[in-house]
Structure formats: C-alpha cells, structure tokens
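Below: one structure, written as structure tokens.
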Amino acid sequence: MNSLLHTLLAFALALGVLVLVHELGHYFVARACGVKVLGFSLGFGPRVWSRRFGRDQTEWMISAIPLGGFVRMLDEREGDVAPTELARAFNRQSPWRRIAIVIAGPLANFLLAIVLYWGLFIYGVEEPRAWLGAPPAATAAAEAGVVAGERVLRVGDTPVDTWQEASWALLQQSLEQPVLDLEVIDGQSHITLRRLDLAAVRAAGWEGDALARLGLVPGRPHVLPVVAQVGPESTAAAAGVEVGDRFLSINGRDVDDWMEVVQTVRASPGQVLLAKVERAGQTVEMRIAIASERRGDGTVGRIGITVRADDASGEAWTTTVRYSPVRALSRALSETWEKSVFSLQMMGRMLTGDVSWRNLSGPVSIASYAGQSAAMGADYYLRFLALVSLSLGVLNLLPVPILDGGHLLYYLAEIIRRAPLSERAMESGQRAGMALLLMLMAFALYNDFSRLFSG
C-alpha cells in the first residue's frame, strides 16, 4: 500500500510539473502578444478549485481529471467578444503570433529538460561504470565471448565510461547496424573486441529491454573483501572485526569477493556466522552475530562494515559525472537534442513496422517509472522528469490535429494560402486527430496492462 501511494504521488508530482510548465509557456507568450487569457487550468473536467487574479481577472483552476491542462484565450469562435477587445482576441492575431503562442508550450517542455539536465550535470550524478556481468547462455553477448568483469570502453566508434552511456550508444547505433563492436577491457588490462549480432533485437522490433535480450547485463568489478570501516556500535565491532581485515571464509565457505560477504550477511538476519579473516599475515577466527534490519517488505542482515575499493581492480565501480557550468549546458543541450531525435526515429520506425508498437507506453507504465525513479533518489527522478518533459515536447509537435503540431500545420497552411482554412476543414481535422489519439491511447493502455499482468 505504501509503495502504491509512493508511486501515485511521484506520478502526480511529475504530471503536475510537466503540465504546469507546458501551459505556462502558452500563457506567457499569449500575454506577451497582447492576447487576453480568460482561464488557466491544471487538469480537465469539473473544477476542484478556482480563483481570479490579475488585470484581466484570469480564472486559475485545478480540475478533477489530472491528465493535462489548458489555457483558454479570448476567441470569437468560442463566444461573443466586445468590440473594444477584438484586438486582443486570439483569432485576430497574425499567423506568426499564433504560431509563437502555440509552439511556446512544447518549447517550455524542452527548456525544462535542458534546465534539469544542466543542473544535474553541474551538481554531479553518480553512475555505475560500464562493467559487464555474465551473459545468459545462447545470447548474442555469450556468443560474442563476453565474460563477467569486462568493462566497455567503446560502442562502435563512441567512447563510453558509464553504463548509461554504453546503453544509450548501443540503442542509437543498433537502429542502423546489423552487428556492433564492443571494445572491452578485462581485469588484466587486455583490450578485446566483442562483435554483437543484433538480429535478436531487430527481429523483436526492439520490444522490451533490448540490452537484456542481447545478454548485456550490468556487472561490477572484482572487489576484495577488505574492511574499510567498522561501525563503533556494530555487531562486527563487538565480534572484534578491525579495519584492514580481509575475509577468507564464512561458515567454512571460502570468499574472495566483497559481494559474497554481502550476500551471505544479508541472507542471515539473526544468525551467528563463523568467519575467518586475515590480519597482519595471521588468520583470525571470530563469531559474528548478524543484526536484523527492515528493508521494504522483508528483513535483511547487517554487521556494520564497509568495503575498501580493490586497488588491484584499477577502476572504481561507480564514477561521478560532473561538468563546469558551460560544459554542463553543452551536454544538456546535446542530451535533449539526441533523445528528441531518437524519439522521432523510433516513431518513424513504428510506422514502417521496423519497431514494435508494443514499445508504446501509457500512463500506467509512466506512473510505474515515476515511482521506481523516485525510490532510487532525487537525481534519478529528475532525469525521469527531464526525459518525460522532452518526450511531451516531441509528442505535442507532431503534425496531428488537436495537438499543438496540428495547429502549427493549420497556421503554416494559412500563410501559404494567404487565407485561413475553412471551419469545416479544421473541424474534420480535429475529429480525425481525436480519433487517432484515442486509438493510440487505447493501444498504449493495452500495452501497459499487458506488461502489468505479465510481470
């Protein structure tokens, strides 16, 4: 129940911020163009709250259905307009002014994405390096010879350092190439090329997790089980564990990697483990009581120690991605542009049948992603917000009647024809656009529930 509430709150916050930014884009540019704004609403349907503010007594509203919002402007097509206010009606503005007002909403979403990425890149985001885990049998990665403990240096011609960079480069390049070379380095600093056959993800239309389908799973470097810190009130301290101790075995089973220690301790809450450690060249035995700690819906064990980074591995498990303000702005612009173009490419390939329509996600999936990213930390949630914001900007610019892009199409046609489109043509376009959006929404919801019930 708490998890569901957390997900709903994260989704509501994300949706509220994105809709508010989008509609404020329309609002401020409309005001700058001299158009009178009658109403500003977050959500549709019955009003939950409303107040009037400002010189024009604009009605600010929160409505019951939170899946969108609107800015209502003075317009002769929607009601009588006093002769003294005709110059402030939206329909009396030049096509170029109407274009500016309509395009301001999507541009505000792109601006939000840029600002979020910029702030994250300045602050610094800790990310896992591009370490590879053991690939499942019979996958492209296994057939290419990928082994656990290798780290990706390049995807094709693109140098990468983090798992996110490697994933993004692979997704981009996989759209154009049937095979892809990964340049990897192992623990002995040997550099090797691993050639991946992309037939599996191409045949599936990039449905689901393309990297997992290829057998590329996140890994971690080998880290020796050497103690870096011991909590003063911990059960490890009570048992006599000291900084610099290296675990050799637990309950008679040899251990050579930190994760072996972690997994054993977490799986043994309330138990007492017999451990052997190496200290100053001597083997020391000790009995360690495992404390219990609630995590989510279960209980895990802990003893209150942290690990020392394995100097022999030569690389840390994670790295902090941080840039100067100028470089961060360049990276933010690049990130927004690349992901926007990629979204359009994927949409185009859906139309040609190269990419599965099952990749469409609706509000259920987006809410799930919101909850997951919020649980992972503020930086992940802000990245999610930036990605959805730029996606919303791209979606609204599509030349579909009823969307902002459809209105832009009308106004461009008006400029070319030197006359507005007929009311009949615009109404027909609106109906067609509404039907298309409803069909896409129904398909996205079908995909959402298919994922939900299939796990």
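Heads up: numbering here begins at 1 and tracks the sequence.
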Worksheet, complete the sentence: The side chain to side chain donor-acceptor pair (under 3.5 Å) partners of Thr162 (sequence neighbours excluded) come to Glu127
Worksheet item: What are the two closest non-hydrogen atoms of Leu170 and Leu216, and how far apart are they?
Response: CD1-CD1, 3.4 Å
Discussion item. Applying side chain to side chain contact (heavy atoms under 4.5 Å, CB included), can you list everything that pairs with Arg327, at least two apart in sequence or on another chain?
Written reply: Tyr323, Ser324, Ser330, Arg331
Item to complete: Can you tell me which residue pairs pass the salt bridge (Lys or Arg N to Asp or Glu O under 4.0 Å) test with a partner in residues 132-147, sequence neighbours excluded?
Response: none
Discussion item. Going by salt bridge (Lys or Arg N to Asp or Glu O under 4.0 Å), name the pairs with one or both residues in residues 4-22, residues two or more places apart or in two chains.
Written reply: none
Practice prompt. Keeping to residues at least two apart or across chains, list the ring-ring contact (aromatic ring centres under 6.0 Å, His included) pairs with something in residues 146-170.
Written response: Trp168-Phe342
Worksheet item: Which pairs, with at least one residue in residues 18-27 and sequence neighbours excluded, count as a salt bridge (Lys or Arg N to Asp or Glu O under 4.0 Å)?
Response: none
Worksheet item: In chain order, what residues pass the salt bridge (charged side-chain N to carboxylate O under 4.0 Å, His left out) check against Arg154, with sequence neighbours excluded?
Response: none
Practice prompt. With sequence neighbours excluded, tell me which residues meet side chain to side chain contact (heavy atoms under 4.5 Å, CB included) with Gln229.
Written response: Thr306
Discussion item. In the structure I gave you, are the side-chain heavy atoms of Ile101 and Cys33 within less than 4.5 Å of one another anywhere?
Written reply: yes
Worksheet, complete the sentence: Applying salt bridge (charged side-chain N to carboxylate O under 4.0 Å, His left out) to Arg98 and not counting sequence neighbours gives Glu414
Practice prompt. Would you please name every residue forming a salt bridge (charged side-chain N to carboxylate O under 4.0 Å, His left out) with Glu78, sequence neighbours left out?
Written response: none
Practice prompt. Under the side chain to side chain contact (heavy atoms under 4.5 Å, CB included) rule, collect the residues that match up with Val400, sequence neighbours excluded.
Written response: Leu398, Leu403, Leu436
Worksheet item: Can you list every pair that meets salt bridge (Lys or Arg N to Asp or Glu O under 4.0 Å) and has a residue in residues 419-438, with sequence neighbours left out?
Response: none
